[in-house]
Asker: 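The structure under discussion is supplied below as structure tokens; questions concerning it will follow.
Only a predicted model underlies this, so the values are computations on that prediction, with no experimental measurement involved. Residue numbering restarts at 1 for every chain, and letters A, B, ... go by the order of the sequence lines. Side chains are part of it too, since the values below use all heavy atoms of this structure and drop only hydrogens, waters and symmetry mates.
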Amino acid sequence: MTASLIEAKGVAKVLGSGAGKVAALKGVTLSLDGGELTLLMGPSGSGKTTLLSILGCMLTPTEGTIRICGRSTAGAEPEDLALLRRQHVGFVFQSFHLFPTLSATDNVRLALDVRGERFRKAKVRAREALAKVGLAHKTKAFPRQLSGGEQQRVAIARAIVGNPSIILADEPTAALDGENGRAIMEILGGIAREQRRAVLIVTHDPRLLPFADRIVHIEDGRIVREERYGVKQS
Amino acid sequence: MPLVFTLAFRNLFYDRLRLVATIIGIVFSIVLVMIQMGLYFGFGRMVTTMIDHASADLWIMPKGTKCFEDPSLLETRERYRALAIDGVADAIPVVIGFADWRMPTGATTPVFVVGSDLRAGGLQPWNLVEGRIEALSAPKAVAVDRSYFDRLGISGLGATAEIRQQLVRVAAVTDGIRSFTTTPFVFMDVDRARAHTGVPNGKATYFLVRLDPGADRAAVRRQLLSRLSDVEVLTSAEFRERSRTFWLFSTGAGAALFAGALLGIIVGTVIVAQTLYSSTKEHLPEFATLRAIGSSSRYIYAVIVCQALLNAVIGFSIAALVGKAVVQLTAATALPIVITQGLMIGLFALTVAMCIASAIAAIVQVTRIDPAMVFSR
Ligand SMILES: Nc1ncnc2c1ncn2[C@@H]1O[C@H](COP(=O)(O)OP(=O)(O)O)[C@@H](O)[C@H]1O
Ligand SMILES: [Mg+2]
């Protein structure tokens with residue numbers, strides 16, 4: 001049995017301060033393996049985003065431990081966490097977060113640039129990543145010239161171009177219509193299964209259920225249920 | 001093009017209005033500093049023109065002389081004592097002093113008389129455009145600068161006037177010998193200068209010492225100091241420095257110029273800091289995204305510093321053009337603004353420092369961002 005790509009053990013997180021203190025997570029244990037697309041589902045305010053942020057090394061847990069590809073994040077400084085993200089994690093956000101002043105290629109290339117890959121090859125790899133998400137013909141377009149679905153595909157290309165073993169997406173289809181949402185899910189599913197990556201998608205959209213290998217339900221900061229399907233048809 | 005640069009460049013040009021405001025701020029501030037410093041250098045150069053154009057290895061002057069214009073007098077006998085010292089080839093008397101210039105119309109205006117032994121050539125007028133130096137040996141002959149014709153109520157060569165009820169005749173005309181005090185210079189032979197300024201025979205304001213070839217200047221100076229009483233002996237460089245220090249600092253003129261320059265620096269830094277800060281604030285979500293996709297903070301700082309440097313380069317280039325125009329416009333005035341290459345380099349360094357200092361304000365702000373904000377937007 002291979003070790004999981006991410007292992008969270010007994011993770012608790014308190015957010016805010018003073019009277020506004022909220023126990024967003026209350027002891028979560030979860031691991032993610034390569035080759036699987038996992039859906040994290042739960043009502044609004046249940047702690048999905050907080051869990052995703054902790055798994056992606058954007059936040060540190062108040063209690064519990066996280067291991068990313070075998071490395072513990074205990075005692076890591078912000079710069080160490082940035083390094084872990086660079087090496088292992090790709091993010092996709094609900095509102096895309098593309099750079100409006102950069103072309104599609106440059107938006108993708110940025111993920112290589114922050115990794116110190118600044119040569120000609122970077123441009124080629126950025127174009128390849130765009131081709132993988134079906135945007136080979138829009139490499140020069142700027143975000144405002146792209147539809148929502150296309151923008152999210154650029155964001156996915158940016159997340160995968162650095163070859164991270166973990167892809168984390170927070171409501172990636174929430175800003176898209178049904179058809180575009182399905183297209184995005186198919187791309188993410190393909191990334192999980194063909195490239196043996198761990199893909200975790202936060203959603204409360206039941207239409208995404210058919211794309212999951214595994215569904216984790218969270219409520220009030222605790223994992224309450226888990227379902228696992230066989231390897232899905234693509 | 002490296003992406004850091006592209007990002008910085010696009011961030012900057014994304015908001016044209018703010019860019020223009022920033023650039024105007026930098027240009028104003030740098031031009032202000034440039035003019036203040038240019039005046040400082042110009043003034044520093046103006047106050048030493050006479051010393052620059054005198055030919056002397058050493059200056060003998062009354063003890064306590066603060067600047068060239070100081071009218072204290074030396075005793076006649078000191079000149080003979082100086083001449084008796086080994087290594088001294090000559091000690092040329094120079095007499096200076098304020099006097100009234102009475103025009104044929106009867107109107108008067110103050111002038112500054114500069115008299116020197118014309119045969120020995122200690123401190124003669126230069127840049128002659130009409131007449132010859134030799135003509136100044138003729139009785140009553142003086143040299144004036146053509147920029148002062150109106151002030152002196154004359155029209156050129158051959159014009160006459162009176163100084164201390166004694167006739168003078170313009171026998172030579174110079175160009176560009178202007179005084180920062182705005183009092184016209186009148187050059188003449190040393191004996192007549194005494195008569196026109198009421199200096200007793202033999203006395204002088206300075207003795208310009210010329211050394212014998214091969215004489216040791218330091219040794220001669222020591223001898224002069226020990227044999228002459230109540231005098232100081234300075235090299236031209238030392239006298240220049242003393243004159244400049246007096247005019248710039250004892251009079252407060254230099255302090256005023258420096259205060260103006262400092263004001264320019266502060267205003268500039270505040271403007272650049274303010275705009276860079278608000279630009280960074282506006283792009284904060286983008287910096288959070290960069291952070292989320294794993295960029296180091298150094299990468300983000302590089303973007304901000306690059307933005308600051310672009311501001312600096314654009315602002316400085318425009319300021320330099322403005323400065324060039326100002327230099328040309330003031331070249332022929334009584335107080336030309338002098339912008340040396342060193343000043344230019346210093347100003348560029350200042351612009352960069354100003355922009356980097358402003359960038360730090362923006363960077364402090366960025367270090368406080370929470371990359372998790374990418375999820376809440
Ligand atoms: N920065 C914060 N400060 C205080 N409380 C927060 C903060 N962020 C989220 N919370 C609270 O933590 C809980 C979990 O939030 P979140 O993980 O965003 O939920 P979800 O993504 O499932 O909607 C909520 O009650 C939310 O109000
Ligand atoms: Mg959420």
Asker: For residues 119-130 of chain A, please give each side-chain donor-acceptor pair under 3.5 Å, one per line with the distance, not counting sequence neighbours.
Answerer:
residue   : atom : partner   : partner atom : Å
Arg125(A) : NH1  : Glu117(A) : OE1          : 2.4
Arg125(A) : NH2  : Val161(A) : O            : 2.8

Asker: Using non-hydrogen atoms and a 4.5 Å limit, figure out which bit of Leu84(A) sits close to chain B: side chain, backbone, both or neither.
Answerer: neither
Asker: Going by atom type alone, with no hydrogens or angles, which donor-acceptor pairs under 3.5 Å involve a side-chain atom of residues 340-355 of chain B and a protein atom two or more places apart or on another chain?
Answerer:
residue   : atom : partner   : partner atom : Å
Thr340(B) : OG1  : Leu343(B) : N            : 3.0
Thr351(B) : OG1  : Leu347(B) : O            : 2.6

Asker: Within a reach of under 6.0 Å around OH of Tyr14(B), are more than 12 heavy atoms found that belong to other residues, nucleotides or ligands?
Answerer: no
Asker: Heavy-atom distance under 4.5 Å to chain B: side chain of Arg118(A), backbone, both or neither?
Answerer: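 Contact with chain B: side chain only.
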Asker: Who in residues 22-39 of chain B is close to chain A, using a strict under-4.5 Å heavy-atom cut-off?
Answerer: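 So no residue qualifies.
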Asker: Most heavy-atom pairs under 4.5 angstrom with chain A, which of Thr6(B), Leu7(B), Asn11(B)?
Answerer: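 That would be Leu7(B).
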Asker: Any residues in residues 287-298 of chain B near chain A, with a heavy-atom distance under 4.5 Å, and which are they?
Answerer: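 From residues 287-298 of chain B, the residues near chain A are Thr289(B), Leu290(B), Arg291(B), Ala292(B), Ile293(B), Gly294(B), Ser295(B), Ser296(B), Ser297(B).
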Asker: With side chains defined as the heavy atoms from C-beta onward, is the minimum distance between Thr101(A) and Phe9(B) less than 4.5 Å?
Answerer: no
Asker: Where does Leu110(A) contact chain B at under 4.5 Å (heavy atoms): side chain, backbone, both or neither?
Answerer: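 Both backbone and side chain of Leu110(A) come within 4.5 Å of chain B.
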Asker: Please give me the minimum heavy-atom distance between Phe142(A) and Arg10(B), naming the atom from each residue.
Answerer: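 Heavy atoms only, the tightest pair is CE2-NH1, 4.0 Å.
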Asker: Please classify the contact of Pro78(A) with chain B as side chain, backbone, both or neither, using a heavy-atom distance under 4.5 Å.
Answerer: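 Interface part for Pro78(A): both.
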Asker: Does atom CZ of Arg71(A) have more than 12 heavy-atom neighbours, drawn from other residues, nucleotides or ligands, at distances under 6.0 Å?
Answerer: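 12 or below, so no.
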Asker: Top residue by heavy-atom pair count (under 4.5 Å) with chain B, among Gly56(A), Gly162(A), Ala159(A), Pro100(A)?
Answerer: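 Option with the greatest count: Pro100(A).
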